[in-house]
Amino acid sequence: MRKLFATTAVALTVFGAAAVPASADTVKIAFVDPLSGGAASVGQMGLNHLKFIADTVNAAGGVNGDMLEVTGYDNQVNAQTSLVQVQKAIDEGAKIIFQGNGSSVGIAIEEFVTKYNSRNPGAHILYMNYAAVDPAMTNEKCSYWHFAFDANVTIKMEAMTNFIKDQPEVKKVYLIDQDYSFGHAVADTAVSMLKEKRPDIEIVGNEFHPLVKITDFAPYVAKIKASGADTVITGNWGQDFALLIKAAGQAGLDVKWFTYYAGAAGGPTAIKQAGLDGKVFQVNEGIANLNYGPAMETTKAYTERYKDAPTMFPRVFNAMDMMVKAMEEAKSSDPADFAPKLEGMTFQSFSNGGEMFMRADDHQLFQPIIISAIGPVESGQVDEENTGWGWKSVGEIAAKDTIVPTTCDMKRPG
Amino acid sequence: MAEILFFSAVNGITYGMLLFLMASGLTVIFSMMGVLNLAHASFYMLGAFFGFEISRHLGFWPGLVLAPLIVAVIGMGVERYGLRTVHKHGHVAELLFTFGLTFVIQKLVEMVWGKLPVDYLVPPSLDFPAFTIFATEYPAFKLFGLLASIAIFLALMLVIKRTRIGLIVQAALTHPEMVGMLGHNVDRIFMLVFGVGVGLAAVAGVIAGPALVTQSNMAGLLGPILFVVVVVGGLGSLGGAFVASLLIGLVQTFAVAFNISLADVFGPVAADSGLALYLDDIWSVTVAQVAPVLPYLLLVLILIFRPRGLMGNRES
C-alpha cells in the first residue's frame with residue numbers, strides 16, 4: 001500500500017510539473033461578487049473590467065513575465081457564501097481577492113483574510129476592495145491585508161455636502177437608503193455633515209427599506225412627495241436605485257437626486273426612462289466625458305468589447321493598475337512582497353490624471369472626486385448604456401480636499 | 001395627509017391587481033392539480049422578456065397579445081411533457097420539477113438577454129400622465145394596467161361561472177375523479193388550465209415589465225409573495241385571490257406610508273415600565289421598515305387561525 005502511495009505521489013509530481021508550462025506562471029485573481037440574483041448585473045460588470053484589464057496586461061507581456069488569470073466566484077451578496085467562496089478561491093491557488101459589492105460582505109472578507117493570514121504563517125492573502133465603502137473598513141476594522149480603492153462613504157459625503165453647501169435652493173432634504181451597514185452610514189454622515197455645513201437645511205425624511213426586496217417604489221415616492229422635499233440623497237444601487245428612480249419619474253416627482261451609484265448598471269437606463277434630465281447627480285471617482293486622453297482611449301476599447309454593458313468603473317482600473325505597478329516594483333506577485341509597495345503609493349487617477357495616494361495609515365486611497373449630472377449628450381461624447389444620455393462634470397474636488405481623519409490602529413505583520 | 005392616503009390607496013390597488021393577475025392562474029392550477037407551481041413567477045418573467053423582444057420589432061401592442069400566447073403554449077408543453085410525466089411520482093416530484101424549472105428559465109433568460117435590465121419602454125400612446133392630483137402625476141400606463149387587470153378578472157369570473165368549460169373546471173377543482181368518470185378529458189383540462197394560468201402571468205409580465213424593471217431576477221422578487229396571496233385567499237377561490245391580492249397590496253403600501261413604531265404608540269405609557277428595555281431591538285423599528293415582511297406575517301396568522309384561507313372552500 002505504502003509503495004503504491006509513493007509511486008502515485010511521484011507520478012503525480014512528475015505529471016503535475018509537466019502540465020505547467022515552465023516559462024510563465026499565472027497570478028490567480030479571485031473575483032468574489034454577485035454573479036446571480038438581484039445584484040448580478042453590477043457584479044458581472046466588475047468581472048468584465050477585471051478580465052479586460054488582465055487581458056491588456058497579459059497582451060503586454062504580463063507582470064514580471066507572469067500572466068494574470070481572473071476567475072469569478074458567485075457570492076450572492078451573502079457574507080456566509082462569500083467566505084465559502086473565498087476559501088474555495090484560496091484552495092484553488094488565488095492569493096488576491098477582489099470584492100466590492102456590499103459592505104457587509106466586505107467586512108466579513110476583511111476579517112476572514114486577516115484571521116486566515118495570522119493563523120496560517122506563510123499565507124499572504126490580499127483583499128483588494130474596489131467598491132465596498134463602509135468607513136468601518138478603514139477605521140475600527142482596518143487591516144494590513146485590505147486596500148480600499150473607492151472613496152468611502154465619509155469621503156464622498158464630504159465632497160457631496162461641500163457641493164450642496166453652495167446650492168442655496170436646497171432647503172428640504174429627504175434621505176432614503178437600503179437597510180444595511182452602508183445605507184445607515186450614508187444616512188448618518190449626511191445628517192451630521194449637513195447639520196455642520198448647512199444648519200438651515202431641514203431633513204424631512206430618513207427612510208430605510210430592505211435590501212433588494214422592493215418590487216414597486218411608488219409608495220416611497222408618494223411619501224417623499226408628501227414630505228415637500230426638494231432634494232433626495234440616496235446610497236441605493238442596482239435595482240433598488242432603478243426602481244426608485246422610475247417610480248419617481250412616473251409620479252412626476254420634481255426633486256434633485258444626489259446619489260452614490262446612479263451610474264452603476266441599470267441606473268442610466270432608468271434615469272432616461274424617467275426623463276430626469278439634469279436632475280440626477282452622482283459623486284464618484286470619475287466619469288467618461290472628462291476629455292482626458294488616456295482614459296478616453298481605454299474607454300473606447302472597453303466599450304467596443306462590452307457593447308451590452310458599456311459602463312465604466314474607473315476605480316477598478318485604479319486598483320488593478322496600482323496592484324500591477326506594486327508587483328513590478330517588488331518584482332513579485334506575493335502579497336507579502338508587494339503590499340509594502342502599495343502602501344503610500346502615489347498614482348495618477350484613471351479618470352483625469354489627477355494625483356491620488358494610498359494612505360499607509362489605513363490603506364484608504366484618496367483620489368479626485370467628480371460630481372456629475374446626467375442628460376442628453378452631443379454626438380462624439382460617451383453616452384451610458386446606449387441611452388444617448390451621458391455624465392457631464394459639474395464639479396471636481398482634488399484628493400487633498402477629501403481627506404478625512406482615520407482611527408485605524410494598523411497591525412503590521414512581523 | 002389626504003394626499004398620501006389617496007396615493008397609497010391607488011398604488012396599493014395597482015400593485016394588488018398585478019399580484020392578482022399572477023395569483024389567479026396560480027390558485028386555479030394549485031387547487032386543480034395540487035401542484036404548487038414554484039415556476040409561476042418565471043412565466044411572468046418570460047412574458048416580460050417576450051413582450052420586450054416583440055415590442056422591439058412589432059411594437060408594444062402585438063407584444064401584449066403574442067407574448068402571453070407564446071408563454072401559454074410553452075406552459076402547455078411543460079404540463080404535457082413535463083408535469084404529467086412527473087405526476088406519477090407524486091406531489092413532491094412535481095414540486096421539485098417546478099422548483100428546478102425556475103432555475104432553468106432564469107438561466108435561459110440570462111443567456112439570451114443577459115443579466116442587465118433591458119430597456120423595455122412604455123408605448124408612446126400611453127406615455128403621458130393620466131391625471132394630476134395633489135401635484136402628483138398618475139401615469140396612463142399604470143391606469144391601463146389597472147383597467148386591464150380588472151377586465152381580465154371580470155372575464156375570468158364570467159368564464160368560470162357562466163360557461164360550460166367553467167363548469168367543468170369548477171367540478172374538476174373539487175371532484176377530479178368524478179369529472180373523469182363522466183367522460184371528460186381531465187388531462188386536457190389540466191393542460192388548458194395550466195396554459196391559461198401561466199398565460200395570465202405573462203400578461204402581468206408584459207404590463208409590469210415597462211412599469212417596473214425587466215431583469216433576469218424579476219421572478220425572484222414576486223415569487224414568494226404569490227404563495228402568500230394563494231394561501232390567504234383560499235385554495236381555488238378566484239374571489240379569494242382577488243381580495244387577498246388587494247389586501248396585500250394595500251397593507252404593504254399603507255405600511256410604507258407610516259413611520260409609527262412601538263416607541264410612538266406606547267412611549268408615554270411604557271417609558272418607565274421596563275417594556276422599552278425588554279423590547280429594545282424592535283422598540284424603535286417603524287412600520288415602514290417592516291412593510292415588506294407584513295404579508296408573510298399575514299400568511300402565518302392565516303395558517304394558524306383560518307387554514308382554508310379567507311374565501312377557500314376546502315381544507316388541504
Side-chain angles (χ1 to χ4, degrees), chain A residues 34-45 179 205-228 238-247 249-254 265-270 272-273 275 306 308-311 385-387, chain B residues 1 3-8 10-12 14-15 18-19 103 106-107 110 113-122 127 129 132 134-139 141-142 208 210-213 215-218 220-222 224-225 249 252-259 285-286 288-293:
Chain A
L35 296 171
S36 69
S41 51
V42 184
Q44 186 60 46
M45 293 169 83
D179 199 357
N206 192 352
E207 188 89 53
F208 295 102
H209 63 79
L211 181 62
V212 216
K213 287 221 164 43
I214 308 290
T215 316
D216 187 2
F217 271 91
Y220 293 93
V221 167
K223 209 170 162 188
I224 297 173
K225 186 104 189 174
S227 74
Q239 67 179 22
D240 281 339
F241 177 77
L243 286 165
L244 174 63
I245 214 80
K246 281 188 85 169
Q250 285 163 358
L253 178 67
D254 185 26
T269 303
K272 161 104 190 287
Q273 288 179 341
Y306 295 106
D308 294 338
T311 308
E385 300 180 347
N386 306 319
T387 55
Chain B
M1 200 62 205
E3 178 184 353
I4 193 136
L5 284 180
F6 176 79
F7 275 100
S8 294
V10 175
N11 286 327
T14 316
Y15 182 53
L18 172 73
L19 287 182
F103 291 97
Q106 172 152 3
K107 275 293 165 208
E110 280 174 5
W113 288 282
K115 288 172 183 170
L116 289 178
V118 295
D119 190 17
Y120 193 0
L121 290 172
V122 170
D127 197 7
T132 305
F134 301 113
T136 298
E137 291 161 4
Y138 191 75
F141 186 74
K142 279 199 162 183
L212 304 172
V213 171
Q215 200 178 349
S216 65
N217 68 318
M218 59 193 292
L221 281 179
L222 270 181
I225 201 117
Q252 226 174 341
T253 25
F254 271 96
V256 166
F258 297 104
N259 279 333
V285 173
T286 63
Q289 265 172 283
V290 297
V293 184

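Proteins get letters first, then strands, A, B, ... in listed order; numbering begins at 1 in each.
Between chain B and the residues A/G205, A/A226, A/A242, the largest count of heavy-atom pairs under 4.5 Å involves A/A226. Note: A/A251 leads A/G266, A/A218, A/G252, A/A251 in heavy-atom pairs under 4.5 Å with chain B. The residue among B/G12, B/G114, B/A211 with the most heavy atom pairs within less than 4.5 Å of chain A is B/A211. When each of A/L35, A/T387, A/N386 is checked for heavy-atom pairs under 4.5 Å with chain B, A/L35 comes out on top. Ranked by heavy-atom pairs shorter than 4.5 Å toward chain B, the options A/T269, A/V221, A/D179, A/L243 are led by A/L243.
When all heavy atoms are compared, the tightest approach of B/P210 to B/F141 is CG-CZ, 3.7 Å. For the pair B/N217 and A/Q239, the tightest heavy-atom approach, listed with the atom from each and the gap, is ND2-OE1, 2.7 Å. Heavy atoms only, all atoms of each residue included: A/P210 and A/D240 are closest at O-OD2, 4.1 Å.
For A/D216, the parts sitting under 4.5 Å from any heavy atom of chain B are the backbone and the side chain alike. For chain B, the nearby part of A/K246 is the side chain; its heavy atoms alone come within less than 4.5 Å. Heavy atoms of B/L222 lying under 4.5 Å from chain A belong exclusively to its side chain. Looking at A/Q273, the atoms closer than 4.5 Å to chain B (heavy atoms on both sides) all sit in the side chain, from C-beta outward. At a 4.5 Å heavy-atom cutoff, the contact between B/Y120 and chain A is made by backbone atoms alone. Both the backbone and the side chain of A/I214 come within contact range of chain B, with heavy atoms under 4.5 Å apart.
Taking CG of B/N11 as the reference point, atom CD of A/Q250 lies at 9.5 Å (rounded to 0.5 Å). Atoms OH and CD1, from A/Y220 and A/I224 in turn, are 10.5 Å apart once rounded to the nearest 0.5 Å.
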Steps toward side chain to side chain contact (heavy atoms under 4.5 Å, CB included) verdict (B/F7, B/T253): CA-CA 9 Å; B/F7 275 100; B/T253 25; over 6 Å; no
Chi angles and distances behind the side chain to side chain contact (heavy atoms under 4.5 Å, CB included) call for B/L5, B/F254: CA-CA 8 Å; B/L5 284 180; B/F254 271 96; 3.5 Å; yes
Test log, rule side chain to side chain contact (heavy atoms under 4.5 Å, CB included), inputs B/I225 and B/Q252: CA-CA 11 Å; B/I225 201 117; B/Q252 226 174 341; 3.9 Å; yes
